[in-house]
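Working notes for the structure below.
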Amino acid sequence: MNDHQRTDGFTAPVDDRYFEDYTAGATYEYGTVAVTEQEIIGFASQYDPQSFHVDPVAAKQGPFGGLVASGWHTVALMMQLFARHYLSTVASLGSPGVDELRWLRPVRPGDRLRLRLHTLDTRLSRSDPRRGIVRTHAELIDQSGEPVLRVTVVNLLRTRDSA
């Protein structure tokens with residue numbers, strides 16, 4: 001069974017998942033993703049070229065005592081797991097944004113991260129009942145069990161009837 005066929009605690013796999021399949025109060029965990037020095041430097045060189053993200057030598061003298069991933073890289077890693085395992089591939093209508101984004105601990109080369117999700121609430125849209133809104137509390141957890149990122153993600157999803 002491939003990743004797109006697994007239900008991971010849902011009643012439907014990610015490629016047949018609609019608004020109705022998301023249940024408030026449900027918790028899920030996915031991962032892991034390994035973080036490499038090369039990826040940290042590559043991402044930051046393009047998007048966040050601060051010395052503690054791109055220069056291992058200078059980073060040793062910096063505020064984190066070594067190379068750390070950009071917070072935006074950490075968000076991208078969260079989104080990779082979120083989109084691959086949780087977010088419907090057939091019903092997603094995008095997102096109006098996120099709330100309460102927090103970087104809690106630096107992510108370093110060699111860290112292994114997993115994603116923990118808690119569906120906070122679901123409701124039908126007031127303006128279009130063919131879509132619903134799902135709010136999800138997301139945390140990236142490192143290999144020590146410590147959260148490194150916390151964010152509330154808001155997604156718009158089509159209902160099964162609208163498909």
Residues A12 and R160: closest non-hydrogen pair is CB-NH2, 4.1 Å

Could you walk me through whether V90 and V14 pass the side chain to side chain contact (heavy atoms under 4.5 Å, CB included) check? CA-CA 8 Å; V90 294; V14 72; over 6 Å; no

R112 and T32: CA distance, side-chain angles, deciding distance, side chain to side chain donor-acceptor pair (under 3.5 Å) verdict: CA-CA 6 Å; R112 297 186 62 77; T32 60; 2.9 Å; yes

So, the side chain of D21 versus the backbone of Y18: is there a donor-acceptor pair under 3.5 Å, distance only? yes

Could you tell me which non-hydrogen atom of V107 sits nearest to which non-hydrogen atom of I40, and how far apart they are? O-CD1, 4.3 Å

Between R17 and F10, is NZ or CZ placed under 6.0 angstrom from the six-membered ring centre and within 45° of the ring axis? yes

Proximity of F82 and Y30 rings by center, below 6.0 Å: no

Start with the C-alpha gap between T136 and Y86, add the side-chain angles, then the distance that decides, and say whether side chain to side chain donor-acceptor pair (under 3.5 Å) holds. CA-CA 10 Å; T136 307; Y86 181 77; 2.9 Å; yes

List the atom of V151, the atom of D99, and the distance in Å for their closest heavy-atom pair. CG2-O, 3.6 Å

Would you sort out whether R150 and L140 count as a side chain to side chain contact (heavy atoms under 4.5 Å, CB included), showing the intermediate values? CA-CA 7 Å; R150 190 173 289 142; L140 267 185; over 6 Å; no

For residues V134 and V154, determine if any side-chain heavy atom of one lies less than 4.5 Å from a side-chain heavy atom of the other. no

Report yes if some heavy atom in the side chain of Y28 is under 4.5 Å from a heavy atom in the side chain of T119; otherwise report no. yes

Sub-4.5 Å side-chain heavy-atom contact between P56 and E37: yes

Within the distance-only criterion (no hydrogens, no angle test), does the side chain of S95 pair as donor or acceptor with the backbone N or O of G97 below 3.5 angstrom? yes

Using a 4.5 Å cut-off on heavy atoms from C-beta on, say whether the side chain of F52 contacts that of F64. yes

State whether the side chain of T36 and the backbone N or O of E39 hold a donor-acceptor pair below 3.5 Å, judged by distance alone. yes

Can you find a pair of side-chain heavy atoms, one from V54 and one from D48, that are under 4.5 Å apart? no

Check for a donor-acceptor pair, side chain of D16 on one end and backbone N or O of P13 on the other, with a separation under 3.5 Å. no

Heavy-atom distance under 4.5 Å between the side chains of V148 and W103, does that happen here? no

Looking only at atom types and distance, does a side-chain atom of E29 sit under 3.5 Å from a main-chain N or O of R116, one as donor and one as acceptor? no

Of the non-hydrogen atoms in E139 and P147, which two are nearest, and what is the gap between them? OE2-CB, 3.9 Å

Donor-acceptor contact below 3.5 Å, side chain H53 vs main chain V68: yes

If you take all heavy atoms of V153 and A138, which pair is closest and at what distance? CG2-CB, 4.4 Å

Could you tell me whether the side chain of S92 and the main chain of T89 form a donor-acceptor pair under 3.5 Å? no

Shortest non-hydrogen contact from R114 to D142? NH1-O, 3.6 Å

Do the side chains of I141 and E146 get nearer than 4.5 Å, heavy atoms only? no

